[in-house]
Structures are given as structure tokens and as C-alpha cells.
Amino acid sequence: MFDYSAFSFEDKEQLYAKARAFWNPGKVDFWRGEGIDLVIDKRQGYYLYDIEGRRLIDLHINGGTFNFGHRHPELVETLKLALDHFDIGNHWFPSAARTAFAEEFLKTAPGMDFCVFGAGGAEAVELAIKSARYATKRRRIVSIIKGYHGHSGLSVATGDARFSKIFLADRPEEFTQVPFRDLGALEAELKKGDVAAFILETIPATYGFPMPSVEYLRGCVDLCRKYDVMYIADEVQTGLMRTGHMWGWQAYGIQPDIFVSAKGISGGIYPISVACMTERCAAWQREDGAAHITTAGGSELGCVVGLKVLEMLQRPEVVVNVHAVAQFFAEGLAEIQSRNSDIFGGIRQKGVILGLEFEHPEGAVYASRALYENGIWAIFSSLDKRVLQFKPGVLLDAPLCQEILDRFNAAMPLLRQRLAKASRN
Amino acid sequence: MPEQNSAPRMLTPDVAAARAGQMLNTARWAVDRFSKTDAQIVKAIVKAMADAAFAKAGEYAERAVRETGYGRVEHKIIKNQGCSRGIYDKYADLDFVTPRIDHAKKTVELARPAGVVFALTPVTNPVATVYFKTILAILTRNAIIVSPHPGAKKVCADAVRTLSVAAQAAGAPPGLIQIVEEPTIPLIDHFMKSDEVDLIVATGGPAVVKAAYRSGNPAIGVGSGNAPVLVDDTCDLRKTAQYIVGSKGFDNSVLCTNESTILAFESVADRLLQQLKQAKAHICKPDEVKALRKLLFTEKGFNVEMIGKDASVIAEAAGFRAQNAEILVAPVDLIQPEEPLVREKLCPVLAFGRVADFHQGLAAARSVMRKSGKGHSAVIHSTDERRILAYANAVPALRIVVNVGCSLGASGFETNLGPSMTIGTGFAGGSSVGENLKPDNFINLARIAYNSSASEPFGVFEGLERDTLPPPTPSIHTFPVSTVSAPEDGQDVRAELRKLIQEELKAILVA
Ligand SMILES: Cc1ncc(COP(=O)(O)O)c(C=O)c1O
């Protein structure tokens, strides 16, 4: 019996059956099919607990949402105290919390002038695209093949057809995709003169974190400047110190016209997202401040939490911690990789963003499963299943990192067996 | 307008406590890395720290006096120099890192650093103690978090930063040396009780030391001093007077090793007073003594306003003049704890009592130390070894210094006790250590021990002293280059993608 006072379930089977019936049969069946029988119950720090009690170390952290771990006590207390005064607020009026958050946020992003708030990442991408269109009075949006920016109307159209076609939301005439790391293809599109924005995740997560070169990113920005196209950096997964810098674009020394933050800025406890932009892109607010309205976007509670997230991330001891975690896994995984290079092909890394390459077209699916059986939850990249997303949180401590590495080591023989079997079939 | 309520409209969590936890994690990262560093690198790091600290000795001496109001700049410079380059010179050639092989005992000793050291430093010797503890901790491959006395927090924070920057520039990991910038009692308590602290090294008042021991963590705390000074009829009175005045005047007596009470043989007492006067002591008249007693000892104990003040300033505060005096000597009749003037005085005021003979001297010395100062220091000026030995046996001090000023003698700078800003007061003084704090106190030894029987030969460890396992793998900047290349042709990839997607119709994106 899983009793939560307000609701209860007899056992996992009953829960699965009802989830299938009332919620999402596709998701329920998929994970069970993969042998991942996880229903997350308790969560604390970097640990997840299955409803039946099994503990997992969370290296998925939902793309940075749980950058500080789950229910970080300082964030939880911040939210609880904020609830004694604030609620989501009234989106029509100037607000102390929203203004304070915008001001602090902009301090982390020199070159930017305004914060436009949303509740989720897709909404912020939506805002970015609308603002770029306003600034340029052009309509077309260019993104990369295997890019991913969310599932709302405009954001989903930038991404893979898998997610847009099914809802008849693909708009080939307005949304164009070019290969990653191909400046020629990008220029060919921008040249046409009808492009409002090029949107790029600073390191494309869903694509398995292939590392862009500095030259490539600078080349993209230069081309945008050349053709007066707005450069939108999607920092939903690469922002908030995950590259070792506050924003990924800073790590590469580029200057976007707009960048988008979500997931981690919510502290994992209260939804909020930000489209941060230059005066030019935000100028629609002068023409018609109510041109974009969102009731839950920029909720005051989210602002208070976001403010705390920024403050915590900038503490000297946290900055040191991020680098220590990054260095630890760089060294430790390189060592494991060198001993297991038959199955573990390579490591992509920037800060605490890592993509681990396995030697099989679906290698990361097998790796995810082998790690799961060894007490670690890390997910494969949905658009490149050779690559495992390995996303340590910024506050991980040394003993837990060592445990992760030890568990990872232990999973290697199992993974080798499974991959051998998969290759034979 | 309605009256403004000054309380904030919204509350926020206590940042200090939250940061404390993260500082400890950061220290752990640093020490995990640093504890694998070899002797040469450790030495280079410590040298860089000592040099940087030495270069700032004057600036910090001046700032410490300005911030705390205690002590004398010229003497603090000496201490800061002694606790930077002085400490380096003393210990640089000792190796607290490399395994020690003992063929006779068939053992190999491996230095095992404590780990994360939490160091409390006092207001009286702020920078010197920061230097001292930090250098010792790093010399033995520990991480350290310094919590300064709030009265000296600014200069200490800068001193810690100087050490940290120098250490990092020489190759120490970031986070190895940290400072608690805003120390408060709850925050210090939080640190002391944390499981993540491996060793507390506490210098300060008795409350701080007791709290350190009560914390449940391994701790080295040291008690306060109250050194009696026995002057017999066999010593050189002129030199003795100079030693005493020099020592009691040194940094205006803020070292816990300063002299408390002279116990002079009746037969030499007047001549000693004469010599003290010549050495620039002001000998107080009875009403001056009375005024001093009233000034220095209030209902709440020692008047902290007078800590480390110049003799002339104290005299003036007491209502008399002692221009140009290095110290004030206060003759007293009763040498018992009831006489406040024979208690510890962290200021250049020295009680002066007369004893009829050696045996009365021993009793008087014990009386001085009865209430406080146990396990700390005592002085004797004599050339009679039997008396020296008897005195050492009789007083509850753990360092009995002979023919030397106590401030720098008991603290090891002018004796061979080992220069130290932290004086172990042993079991009698409520401490786990009885010696002057030294690097050895920051490590344990792991011992490889062979079967002592001759039938089991001892191994050959020579040449293996350095870690024999392969060195750590490449640094963060050299991780393997991606082997998955970007798609060359968008169309191909799209087709492939569609195929893949069809194969796993059920697949769900979880980004
Ligand atoms: C890079 C990137 N952009 C945008 C989004 C969309 O964010 P949300 O799910 O909050 O709408 C995601 C979410 O996975 C993402 O990873």
C-alpha cells in the first residue's frame, strides 16, 4: 500500500494500470519495455527513491532542473518563506519580486537589456522567436537538425519532425534546419534575407552533447551579424554554471541577441523561465507591453526562487565545486574509458555536461540500463542513442562522486555482456 | 503615511549555515586531491605561502593593531615574520609526506593527513595565528577553514586570501584554504559539530576551547596561560630584568605566554626592582596598584578594553602617569588567586611578590596557577640546576623556561621548543596535546608492520617512496575528442532518423 493521504495505491501494478488508463499509456509501456521500472517517490539531494524503496543516484537531473539536487533545503526554505508573503502574482502590474529578479539576472549577462519571463522552457523559446521576428520583421527561423527547443507551437517547429508532424505542427516554409557544424549550409539559408533568427543550443543535449568548436559558434554569430539575423542561444541545459561558466555562451566567448533559460533556474521546485534579450529584441514591449501575456509566467514565487538559484551559483565555494566535479569525472572517466575502450568509445565534456559514447548504435540505451541496475539513473540521448547523457549536479560532493565512479566501473562487465549479445542478434 | 515597520516583508533562509556545508564539501574536494601531492610540490606551495605572508607581515601587523586595538605594530611584524618565513625555515627540511622506512622495526610509516581542519584564531594574535595554523595544515597536506575572532575578521580574511592565492598559484587545488568571513557563534557551532570536520584546532578563550572538545569531533584546544616567574639569588639580575621587561612589553603582552607574576627572593627583591626600573619598567606605588586593580578587574572579569594597550595608556586610564614605561610593575602582598592582579593579564602589567626562600617560592608559584594557567608556562631565572628541576617538578606547567623572556621563550621562538602560536596545555590544562603545536599534530601515521620474527624478511621499500601507482590521468583539458561526427548530409540523416523512430514507435522523449 502506497499511502499519500490524499491518494493511495495498492501496489505498483495497480499504479501502472491506472497510469496507463488515465495518464499516458505510451510512456508507461515504453519504460517497462526497457526494463526501467521506476516510479519516483521520495527524492532528496542527488538521490531518487523508487516507490518500492530502491535508491538511485540521479545523473539525469532533468537536464539541469535538479542542478542543486532534489529539494535543496535552502531552496525549499526560500520558497516556504516566500509563500508567507507572495503567490504567483498579478502579471499586469510591476512587481518587486519580478523586478529584483530581472535586475539580478541581467547582472549575470552583460550585453543584455531585458528579461521576459515565462513558466517553462518552450514558452521562453516561443518568446525568443516572437521577439526576433518583431526585431527583424522577418518570419523564417533556422535551427539545426536534431536540435531540440521544446514542444510548444513555435518551439516544436524548430525541432525534429517526430514531434511536430504528429500534431500537424510542422511548418516547413517558416522553419528550416541545417546540419550542426556546417557554416556553409547556415550561410546558404541566411543569405536568402528572410531569416529572423538562428536558434542553437550552445551544446545540443538531445543530440548527445556533440561539442561545438569555438570557431563554429563564433562563425554562427558572425554570419547572423552579417545578415542581420538574431542569434538565439538556448541555454536551458547549458546555462547556470553547467559549463563551468554562468552561461554557456560565456564559456565560448560569444554574444547572443537573445538567450533562453529554464529548467535549473526553477531550482526544480517552482516553474519559471526567462528569455533574456537586447533592447532591440525587447522593443515590442515599448510598442505594446501587453503584446505577450502569461498568467503563470514570471510568477513571483518563481522569481524569489530564481533569485536564490543565481545567488547560490555565484558563491565562490560553489564555483570551486563545479570545477572539482568536472575535473574528477574528466580524470576518472578517462581512466575507465581507457580500460574499456572496446565498448566505451569516447567522452564529450564541457564542465559538468558530459556525453559518453558507447560502441553500438543503441549503446547508451544499454548503458543506461546497466547503470540503472547498478543504482545510477542516467538517460540516453533521444536523438543519438550511442551517447549517454551524464549530467552530474553542481553540488555533488567528493564521496558521492567516487561512489558514482565505482558504480560505473562495476556496470562495465554487465554492459559488455549485453552489448555482445545485442551485436550477435 | 502610516509608520514604517522596519522588519522585512519577506524572510530568507540563513545563508551562512548553508554556505558552511558547501565550504566543507569544497574543502573535501581540495584535500582529496592535495593529500596525494608529493613532498616537493608541498614544499613549493608552502614556500610560496610563506613568502607571500612574509611580504605582507608589516601591512597586516599595522592593520591588525588598527582593527583590534591590541598590541604593538613593531612586535606584530616580528610575529608575522616568525610565523611565515620563520615557520617555513624551521620545518622546510622535515618531510611530512614521504613514507618513512625503519629497517630495525620492520615498519613503514605513511603520513595520513587529518583532512579538513577547522581553525579558530584569536583576536590577540590574529594574523600570526592564521599564518601559523594555515602553514602547518598545508605542510601536512590538509585543507583548512579559518574562523577568525570577529574582532579581527577583516585583516584575517585578507591574510587567508593572501595565503590561498599564493598556494593556488604554486599548484594547490582551489578551496584548500578558506575563510569564514562572518563568524558568528551559531555558525562556528555548526562547523564544529559537522561530521565533515576532521580536526578542530581552537585558540581563544576557555569557552571556545571547551566547545571544541564538546563538539564530538577530534580537537586540539589549548587553555590559557598565567606564568609565574621565580627569580632566585643565583641569577644575573640585570639580564633577568631586561628579559622580563622585554618579554612583558612584547606586543603589550598579548601572547598567552606572557609573564604574570614575579616571585622574587626577598634577598634580591629590591635590587631586582631597581634593575626593572632601569629596563624601563614603572614601579607602581600602593595607590597606583589599587587603581590598576580596579581598572583591570571588573565584575565581569578582565577588562578587555585594556588588552594589549601601551603601559602609558593603561596608567593614564588608571589615573596616574607612566610616560615612556614599557611595563607597569604592581607589587602585591598576597600571592593567592584572591588577588586579581596575580591572574592572567594580557596587557603589560606585571604583579610582583616577594618570597622568603625557594620553598615559599614553589608554593607561591602553585598558588598563582591554582585558578588558571595549568599546563601552560612557567619561568625561572636561576643558575641552580637542582632548584630548576625542583621547580619544574612542582609547578603544573608543561614548559618551564629558564633565563629567557617567557613570551617568546615558551612559545618557542627564543628556545628550542618549536615556534608556535598554539601552546598545548596538556591534560592539566584541558587539552589533548601538551606540546607546542607542530606539524605532527596534523597527521596520523599509518604503519605497515612486518612479522617481527627473523624468519619473515622485511621488504625493500626504498625507491618506492613516491606513490607507485600510475599518476592520475590527464587533466580536464585533454579528454578524448568526440568520435561521433556531425551529420554530413541532412537528408540522409533525416531518413535514418525516421527509420529509427519508426522502429521504436513507443519511444518517448525524456529530455
Ligand atoms: C534545450 C532545451 N530547450 C528547451 C526545452 C523545453 O523546456 P520545457 O520542457 O520546460 O518546455 C528543453 C527541455 O527539455 C531543452 O532541453
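Throughout, protein chains are lettered first and strands after them, A, B, ... in sequence-line order, and every chain is numbered starting at 1.
Looking at A/Asp397, the atoms closer than 4.5 Å to chain B (heavy atoms on both sides) sit in the backbone and in the side chain alike. At a 4.5 Å heavy-atom cutoff, the contact between A/Ala324 and chain B is made by backbone and side-chain atoms alike. Contact of A/Phe329 with chain B is not made at all, since no heavy-atom distance falls under 4.5 Å. Only the side chain of B/Gln178 comes within contact range of chain A, with at least one heavy atom under 4.5 Å from a heavy atom of that chain. Residue A/Ile144: no heavy atom, backbone or side chain, is found under 4.5 Å from chain B.
Looking only at distances, a side-chain donor or acceptor of A/His85 sits under 3.5 Å from a matching main-chain atom of B/Arg9. At least one donor-acceptor pair under 3.5 Å links the side chain of B/Thr26 to the backbone N or O of A/Glu317.
The minimum heavy-atom distance linking B/Pro174 with A/Val320 is given by the pair O-CG1, 3.6 Å. Nearest heavy-atom pair, A/Val325 versus B/Trp29, reported as atom, atom and distance to 0.1 Å: CG2-CZ2, 3.6 Å. Counting all heavy atoms, side chain and backbone alike, B/Pro13 lies closest to A/Leu81 at N-CD1, 3.7 Å.
For B/Arg19 and A/Glu311, the salt-bridge test fails: no basic side-chain N is under 4.0 Å from an acidic carboxylate O.
Residues A/Asn321 and B/Gln22 meet the side-chain proximity criterion, which asks for heavy atoms closer than 4.5 Å. Taking 4.5 Å as the limit, some side-chain heavy atom of B/Met10 sits within range of a side-chain heavy atom of A/Val304. At a threshold of 4.5 Å between non-hydrogen side-chain atoms, the residues A/Glu74 and B/Val15 count as touching. In this structure the side chain of B/Met23 never reaches within 4.5 angstrom of the side chain of A/Pro316, judged on heavy atoms. Side-chain contact between A/Leu395 and B/Asn25: absent, with no pair of heavy atoms (C-beta onward) separated by less than 4.5 Å.
The CG atom of B/Asp32 sits 8.0 Å away from the CD atom of A/Gln402 when rounded to the nearest 0.5 Å. In this structure, CG on B/Leu11 lies 14.5 Å from NZ on A/Lys80, to the nearest 0.5 angstrom.
Sparse packing is recorded around CZ of B/Arg112, with 12 or fewer heavy atoms of other residues, nucleotides or ligands lying under 6.0 Å away. Shown here is A/Asp87, whose CG atom has more than 12 heavy atoms of other residues, nucleotides or ligands within 6.0 Å.
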